[in-house]
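Worksheet: one structure, shown below.
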Amino acid sequence: QVQLVESGGGLVQAGGSLRLACAASGRAFSDYAMGWFRQAPGKERSFVATINWGGSITYYADSVKGRFTISRDNAKSTLYLQMRSLKPDDTAVYYCAAASSSRPKLAGAEYPYWGQGTQVIVSS
């Protein structure tokens, strides 16, 4: 079992930055890939970014590429999402998730463990 707790969400103006964190406990953090997903009001949950077990391989959704950076600190069992140049379209609840594999995954179905989410609101 893996427990995930996100933090760092909040209200920010367009063009601003936020850093989300996801603290993991349970299974050894370095055993599995991690991902960030988001769900905007009235929309389905969508992929944001993923990172492999060691942090050397990352993938991003086209909508956030060049603005968001996913990283992990295995010694601290923590996943991060640095978000820059935020836009109102980035407003959503952001979820971290742990995959069943050490390789990065893009599909939510590949992630059996999810956090409770943290709200990000970007004002125009």
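This is a predicted model, so every value here is computed, not measured.
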Verify same cluster id: [X], [Y] (apolar side-chain graph, 4.5 Å):
| X | Y | answer |
| --- | --- | --- |
| Val12 | Phe68 | yes |
| Ile57 | Leu106 | yes |
| Leu81 | Tyr95 | no |
| Phe47 | Ile70 | no |
| Trp53 | Ile51 | no |

To check you understand the geometry: which heavy-atom pair defines the closest contact between [X] and [Y], and what is its length?
| X | Y | value |
| --- | --- | --- |
| Ala24 | Tyr32 | CB-OH, 3.9 Å |
| Ser100 | Pro112 | N-CD, 3.6 Å |
| Leu11 | Ser123 | CD1-CB, 4.3 Å |
| Leu4 | Ala98 | CD1-N, 3.6 Å |
| Asn74 | Ser30 | ND2-CB, 3.5 Å |
| Ser85 | Ser17 | N-OG, 4.4 Å |

Please determine whether side-chain contact (heavy atoms from CB on, under 4.5 Å) holds for the pair Val122 and Gln13, giving the CA-CA distance in whole Å, both sets of side-chain angles, and the decisive distance to 0.1 Å. CA-CA 5 Å; Val122 184; Gln13 288 189 331; over 6 Å; no
So how far is it from [X] [atom1] to [Y] [atom2], rounded to the nearest 0.5 Å?
| X | Y | atom1 | atom2 | value |
| --- | --- | --- | --- | --- |
| Arg27 | Gln1 | CZ | CD | 9.5 Å |
| Gln82 | Arg67 | CD | CZ | 12.0 Å |
| Ser7 | Leu20 | OG | CG | 8.0 Å |
| Leu18 | Ile121 | CG | CD1 | 10.5 Å |

Within a reach of under 6.0 Å around CD of Gln116, are more than 12 heavy atoms found that belong to other residues, nucleotides or ligands?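 Enclosed: over 12 neighbouring heavy atoms sit under 6.0 Å from CD of Gln116.
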Heavy-atom distance under 4.5 Å between the side chains of Thr91 and Gln119, does that happen here? yes
For residues Tyr113 and Gln3, determine if any side-chain heavy atom of one lies less than 4.5 Å from a side-chain heavy atom of the other.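 In short, these two side chains do not touch, never coming nearer than 4.5 Å.
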May I ask you to check if Arg72 and Phe29 form a cation-pi contact, with NZ or CZ under 6.0 angstrom from the six-membered ring centre and within 45° of the axis?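 Because its charged atom sits under 6.0 Å from the ring centre and within 45° of the axis, Arg72 does stack over Phe29.
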Here's one to test your reading of the geometry: is the NZ or CZ of Arg45 within 45 degrees of the ring axis of Trp114 and under 6.0 Å from its centre?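 Geometry flag: set, cation within 6.0 Å and 45°.
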Output all residues satisfying side chain to side chain donor-acceptor pair (under 3.5 Å) with Arg103, sequence neighbours left out; order by chain, then residue number.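 Counting only residues at least two positions away or on another chain, Arg103 forms no side chain to side chain donor-acceptor pair (under 3.5 Å).
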Restricting to side chain to side chain donor-acceptor pair (under 3.5 Å), what partner residues turn up for Tyr94, sequence neighbours left out?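 With neighbours one apart ignored, the set is Arg38.
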Given Asn52, Leu79, Val2, Thr78, the one that forms side-chain contact (heavy atoms from CB on, under 4.5 Å) with Met34: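 Running side-chain contact (heavy atoms from CB on, under 4.5 Å) over Asn52, Leu79, Val2, Thr78 with Met34 returns exactly one hit, Leu79.
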Lys/Arg N to Asp/Glu carboxylate O, Asp62 vs Lys65, below 4.0 Å: yes
For Tyr80 and Asp73: C-alpha separation, side-chain torsions, deciding distance, then whether side-chain contact (heavy atoms from CB on, under 4.5 Å) applies. CA-CA 8 Å; Tyr80 301 99; Asp73 185 336; 4.0 Å; yes
Among Tyr111, Tyr59, Trp36, find the residue that satisfies the side chain to side chain donor-acceptor pair (under 3.5 Å) test when tested with Thr50. Tyr111
Mark yes or no for whether Glu6, through its side chain, and Cys96, through its backbone, hold a donor-acceptor pair below 3.5 Å.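 Yes, Glu6 side chain to Cys96 backbone: donor-acceptor pair under 3.5 Å.
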